[in-house]
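Structure first, commentary second.
Naming convention: chains lettered A, B, ... in sequence-line order (proteins, then strands); numbering from 1 in each chain.
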There are 2 protein chains.
Amino acid sequence: MTMKMMLNADDLATVQGSALFRDAPQAALDDMLAHTEIGDYRNHQVIFRPGRLANRVYLVLRGKVQVYRGEAAGKHAVLGVLQRGAGFGVEDVLEAKRHAATAEAVSACRVLEIRADAFLDAVANHPAFATGLLKLLSRSLHQVSDQLERIQLKPTAQRLADYLLRLVTDPAKCAELTLPYEKALIAAYLGMEPESLSRALKDLQAVGVTNRGRHIRIENPDALRDFSRATPGPLHAT
Amino acid sequence: MTMKMMLNADDLATVQGSALFRDAPQAALDDMLAHTEIGDYRNHQVIFRPGRLANRVYLVLRGKVQVYRGEAAGKHAVLGVLQRGAGFGVEDVLEAKRHAATAEAVSACRVLEIRADAFLDAVANHPAFATGLLKLLSRSLHQVSDQLERIQLKPTAQRLADYLLRLVTDPAKCAELTLPYEKALIAAYLGMEPESLSRALKDLQAVGVTNRGRHIRIENPDALRDFSRATPGPLHAT
DNA sequence: CGCCTGTTTGACCATTGTCAAGGTGGGTGG
DNA sequence: CCACCCACCTTGACAATGGTCAAACAGGCG
């Protein structure tokens, strides 16, 4: 009755390459995969809600998932948008508590769901796995802190500049890229309204960023970097 | 050459009762304490800065420490204010990276400093310790996420209300309390300027919060709770 | 061809930051 | 013991960033 058979080759590669399971010995992985289900979600479907008991650890196999806090009145703070290979719900399971955030599909997606008890057993029995998780959580903590810093003390245009630069993989002299998802979602991730994103994008034209639809062209990454680091203040870069 | 002798009874109690070391077996604790120093810092002294190699794990023995991000132009986002028994710098050591934040004494304080290698050895050799750390990091992650949520989607008065309620330990019908540190620090922690804190405090008078200096009196905690949860919007609670 | 969704624009407003002054209180030295 | 000083806090007037609402616009897919 193992669920491993439900995983195709692609899925398995995703699992084994994931930051979440990279450090898990094969035995641990087998144990966990024996207590696993696969969830299929359509766009906008909620995977878990705040208040629900955290009895699963999740891993994105295909599609995209957003995790956010607070939805009263449609406002929410996006903690992250997760893609293939990313895990979520881990902290809540480790705390043996209820979820504090909402996880919601942002496209059709396929998600591996490991039962919490199996996951916790694996953690307890395989020190290497536990150590890997420590690194992973440390990184998450780091990332959320970054997020807090940006949102709290950078104005919208700089947050966007910063975000665009993170999308650029190679530090070329001139970069061209495509936004990975809807602008409304990016705006939420950047802690602003879509309208503000639109205006920020327009402001960045002054630093050589042009866009058409989801296509962005950065004339001069270095200039953009300078801009994103500039002391928050007037935009009078005439 | 063990440093244990430098710890007085009080310090030792703090260490053993701390969330950081509670789950460490005695052997692990001994190993770590053998590679430990004690730092004494005066108010405003910096304990570590962003960019410095993370080669120590810290534990507050006495006094208060703030950890914050970004200080360009005096603006910073406070991640937390730590008191006796709280650890810091842990994530950075686990990631084996450089510090991303600044830690600064907020009063005269005494800090236990464990060498990173000894700490990492203990993690690797004592699964129970590692598991305890997983819970601890999960909790930190949770807390920073809370912080992000509050700052991103609650107005100043509600953030303050929320904060005051967290200071109330027993859920009495009427609470009286003393702010634990300067208002300027609280303001920074709440992501606002001191002036805004002052005004927010004044606004809360409408919900039965009175203050004189650092003394706060909450007439009706339930009303305050309602207020802090109210959908962000007008304050016309006439 | 035209709807439906996502995006842009404009005008306006609210919240909060900024700057500059004035209070207040506690502690130190005369 | 008083007076002064300094750090902390408050207040006021103002500016600016970003949110809100409403409408126009674009583009993909039936």
Q: Please test B:L112 against B:I38 for side-chain contact (heavy atoms from CB on, under 4.5 Å), starting from the C-alpha separation and ending with a verdict.
A: CA-CA 5 Å; B:L112 186 73; B:I38 289 195; 4.2 Å; yes
Q: Walk me through it: do A:L59 and A:F21 pass the test side-chain contact (heavy atoms from CB on, under 4.5 Å)?
A: CA-CA 10 Å; A:L59 183 90; A:F21 294 121; 4.3 Å; yes
(Q) Set out, in order, the CA-CA distance, both residues' side-chain angles and the distance that settles side-chain contact (heavy atoms from CB on, under 4.5 Å) for A:L224 and A:E219, then state yes or no. (A) CA-CA 9 Å; A:L224 192 56; A:E219 302 285 350; over 6 Å; no
Could I get a table of every N or O pair under 3.5 Å where one atom is in the protein and the other is in nucleotides 26-28 of chain D?
residue: D:dG27; atom: OP1; partner: A:R212; partner atom: NH2; Å: 2.5

Strictly under 3.5 Å: I want the nitrogen or oxygen pairs between protein and nucleotides 10-13 of chain D, one per line.
residue: D:dT10; atom: OP1; partner: B:K183; partner atom: NZ; Å: 3.0
residue: D:dT10; atom: OP2; partner: B:S198; partner atom: OG; Å: 3.1
residue: D:dT10; atom: O5'; partner: B:S198; partner atom: OG; Å: 3.0
residue: D:dT11; atom: OP1; partner: B:K202; partner atom: NZ; Å: 3.1
residue: D:dT11; atom: OP2; partner: B:K202; partner atom: NZ; Å: 2.8
residue: D:dT11; atom: O5'; partner: B:K202; partner atom: NZ; Å: 3.2
residue: D:dG12; atom: N7; partner: B:R199; partner atom: NH1; Å: 3.1
residue: D:dG12; atom: O6; partner: B:R199; partner atom: NH2; Å: 3.3
residue: D:dA13; atom: N6; partner: B:R199; partner atom: NH2; Å: 3.4

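The environment of NZ in B:K135 is sparse: at most 12 heavy-atom neighbours from other residues, nucleotides or ligands sit within 6.0 Å. The local environment of CZ in A:R166 is crowded, with over 12 non-hydrogen atoms from other residues, nucleotides or ligands closer than 6.0 Å.
Between the CD atom of B:E182 and the C1' atom of D:dC6 there is a distance of 13 Å, rounded to whole Å. Straight-line distance from the CG atom of A:L160 to the P atom of C:dT7: 13 Å, rounded to whole Å. A straight line from NZ of B:K75 to P of C:dG17 spans 7 Å, rounded to a whole angstrom. Rounded to whole angstrom, the span from the CD atom of B:E193 across to the C1' atom of D:dT17 amounts to 14 Å. As rounded to whole Å, 21 Å separates atom P of C:dT15 from atom CE of A:M192. At whole-Å resolution of the value, CZ in A:R214 and P in C:dT5 are 15 Å apart. In this structure, A:N43 places its CG atom 12 Å from C1' of C:dT5, rounding to the nearest Å. Straight-line distance from the CD atom of A:Q158 to the P atom of D:dT17: 11 Å, rounded to whole Å.
With respect to the salt-bridge test (charged N to carboxylate O, under 4.0 angstrom), the residues B:R199 and B:E193 do not qualify.
Contact between B:V60 and B:T14 at its shortest, heavy atoms only, is O-CG2, 3.8 Å. Residues A:N43 and A:A105 come closest through the heavy atom pair OD1-O, 3.6 Å.
Nearest nucleotide to the B:P155 side chain, out of C:dT16, D:dG18, C:dT18: C:dT16.
The aromatic rings of B:F48 and B:Y58 sit tilted, their planes meeting at an angle between 30° and 60°.
Between A:K154 and D:dT17 there is no side-chain N or O to OP1 or OP2 distance below 4.0 Å.
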